[in-house]
2 protein chains.
Amino acid sequence: MSPNYLRSLLSTPTENGEAERDPLFVQSIARAMEVLSIFHQVDRPLSLQEIASMTGLGRSNVQRIVFTLRSLGYITRDPDDRGYVPGLRLLDHSLDFLRLNPVVVKATPILLELRRAVRERVDLSIWDDLRLVYASRLQSKREILTSTFLGYSVPVFCVSGGWAILSQLDEDEVSDIIERSHRAPLTPLTITDPDLLKDKIRETRENGYALALEQILPGEIAIGAAILDQAQRPVAAIHVAGSLAEWTPEEFTRQFAPLLIQAARTISRG
Amino acid sequence: MSPNYLRSLLSTPTENGEAERDPLFVQSIARAMEVLSIFHQVDRPLSLQEIASMTGLGRSNVQRIVFTLRSLGYITRDPDDRGYVPGLRLLDHSLDFLRLNPVVVKATPILLELRRAVRERVDLSIWDDLRLVYASRLQSKREILTSTFLGYSVPVFCVSGGWAILSQLDEDEVSDIIERSHRAPLTPLTITDPDLLKDKIRETRENGYALALEQILPGEIAIGAAILDQAQRPVAAIHVAGSLAEWTPEEFTRQFAPLLIQAARTISRG
DNA sequence: ACCGGAGTATCGCTATGCGATACAGTCGTA
DNA sequence: TACGACTGTATCGCATAGCGATACTCCGGT
């Protein structure tokens, strides 16, 4: 979700300085979505002016876009503070995504079953280039408030599920992804060195699952396995996550790895 | 989300048959969102032609819109079956909604605490006219696969949270909502008679919570309480739901109603 | 009373998105 | 292997639909 991503789609400059565009591309849709996407970067309501300056769109234009999105329910006025915030109607579309995504649909019942067996947090996340997006979370009994939210995403290079996915790709792709990732450590133990990461991925490939210790949260242990599509390409991952206060890594994997692998296999085949 | 809702925004016919439009309204945005919204009605991938005929938009137009939404990640090609489905990027916007919605943010930690105390399913749903949209679900140990999904919505007239919300409105509003609701029974026990519903709501107003027995799911018992904003208007509801196989209604309410009400109060005040 | 900043509205020009049409693969059937 | 009925893709001219500049209204702060 780099801010430049959409920008680059809005106009593609060529070497002669001209802006060349795909004639099939509808600009105004991209502009509207760019307005909605501006909220990715902030954590408070925004005014029209702010949206205008952040998107680089004209004031009038932003006004019309916001007016339109507002009358459709995709943007709301914040009741307390003044300003605009994303609207409830966005959830409807997420539901459509979840309902219609074959992986999510196939995985959900199996994850519930897995959850019943392991009694720890279980989740499904979908691979999107450099990140993994949580599409389904089944909490454990004691859950901290961090990111219970669906749609939350984490870098693919530093989570168990990410390693599991990378372990299904060839060396070149792995290197490419690792290079392009913004490898900021999230905990003191986060592995960021490309070579160490490749070791981890090799290990994952041999085991059939990935074991991650405190990579994104202190005190957290997680194991992950990849979900493959028909063509044996990884498309998603499932995780079981627990607390190091309760588990040794050995015990954790001994208990859960077979179940996890089994679940991942079941989801993968059609 | 009636199909006519967006349609009516696209063109507002006046008495002389002319189509009069708000000049601030950007049509192409509405058309794009209408394309995305078409998926609300279906449970399978769609072809361009199907989208065109369902939306009433021209084939070429739909092609461009889908092309654009696709390059932005809001629509994807279904890997298995051929056709288009909603894209992963929609989840990003839901996350923005959840992150920036004051009620959701305030409620989440309190719901987690409540969940710890009651050990049954706890959820938060947001009021949207005739429906309640689930914005947060904390599952119980044994969860059936129905609608674990966020964004799922239920009619406001037949759930405990809905009654709790209605109990905070005046008679006219309540009547209006009940009348406009499409009151199809979801279980044999669903109350659809306006007068019986009003009795229920009156009872809810006196108790400070609503008790619903098998209104949307057989065997389910749920109690709900309303969340109010600064102006004392209901904006959302929280529920605790359990199984009638384990609880008598009396025991269920005796145990959970005080906790529920307490949680609702805490969330309501700033 | 003043100012800066909110959101709203108006209006003419031309860039921009629309519709009609044509092209290109892929499946199933005869 | 030819056919037709589907997919999705591309082109292009015209006029409409959306842009930018400008101006208006309302509010809270100093």
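The basis for the numbers below is simple: all heavy atoms, side chains too, and nothing from hydrogens, waters or symmetry mates. Below, chains carry the letters A, B, ... as their sequence lines are ordered, and counting in each starts from 1. Not measured: the values here are computed from a predicted model.
- Cation-pi check for A:Arg64 over B:Phe25 is not met; the charged atom does not lie both under 6.0 angstrom from the ring centroid and within 45 degrees of its normal.
- Counting only heavy atoms from C-beta outward, the side chains of A:Val133 and A:Arg131 approach each other to under 4.5 Å.
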- Per-nucleotide protein contact along nucleotides 3-9 of chain C, 5' to 3', at a 4.0 Å heavy-atom cut-off (B base, S sugar-phosphate only, - neither), is ---SSBB
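- Phosphate contact (OP1/OP2 of D:dG20, side-chain N/O of A:Arg64, threshold under 4.0 Å): absent.
- Rounded to an integer number of Å, the gap from CG of A:Leu69 to P of D:dG18 is 13 Å.
- An OP1 or OP2 oxygen of D:dA17 is reached within less than 4.0 angstrom by no side-chain nitrogen or oxygen of A:Ser28.
- To the nearest angstrom, C1' of C:dT16 lies 14 Å from CD of B:Gln27.
- To the nearest angstrom, P of D:dT7 lies 15 Å from CG of B:Asp78.
- Ion pairing between A:Asp129 and A:Arg180 holds under the 4.0 Å rule for side-chain N and carboxylate O.
- For the pair A:Leu57 CG and C:dT16 P, the computed distance is 13 Å after rounding to whole Å.
- Following rounding to the nearest Å, B:Ile51 (CD1) and D:dT7 (C1') show an atom-to-atom distance of 13 Å.
- Side-chain contact check for B:Pro155 versus B:Leu130: every heavy-atom pair is 4.5 Å or farther apart.
- The shortest distance between the side-chain N/O atoms of A:Asn61 and the OP1/OP2 oxygens of D:dG18 is not below 4.0 Å.
- Under a cutoff of 6.0 Å and an axis angle of 45°, B:Arg137 and B:Tyr134 form a cation-pi pair.
- The side chain of A:Arg31 contributes an N or O atom lying less than 4.0 Å from OP1 or OP2 of D:dC19.
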- Going through the distances and angles, do A:His93 and A:Tyr74 end up as a ring pair (Phe, Tyr, Trp, His ring centres under 6.0 Å)? CA-CA 10 Å; A:His93 295 287; A:Tyr74 296 104; 5.4 Å; yes
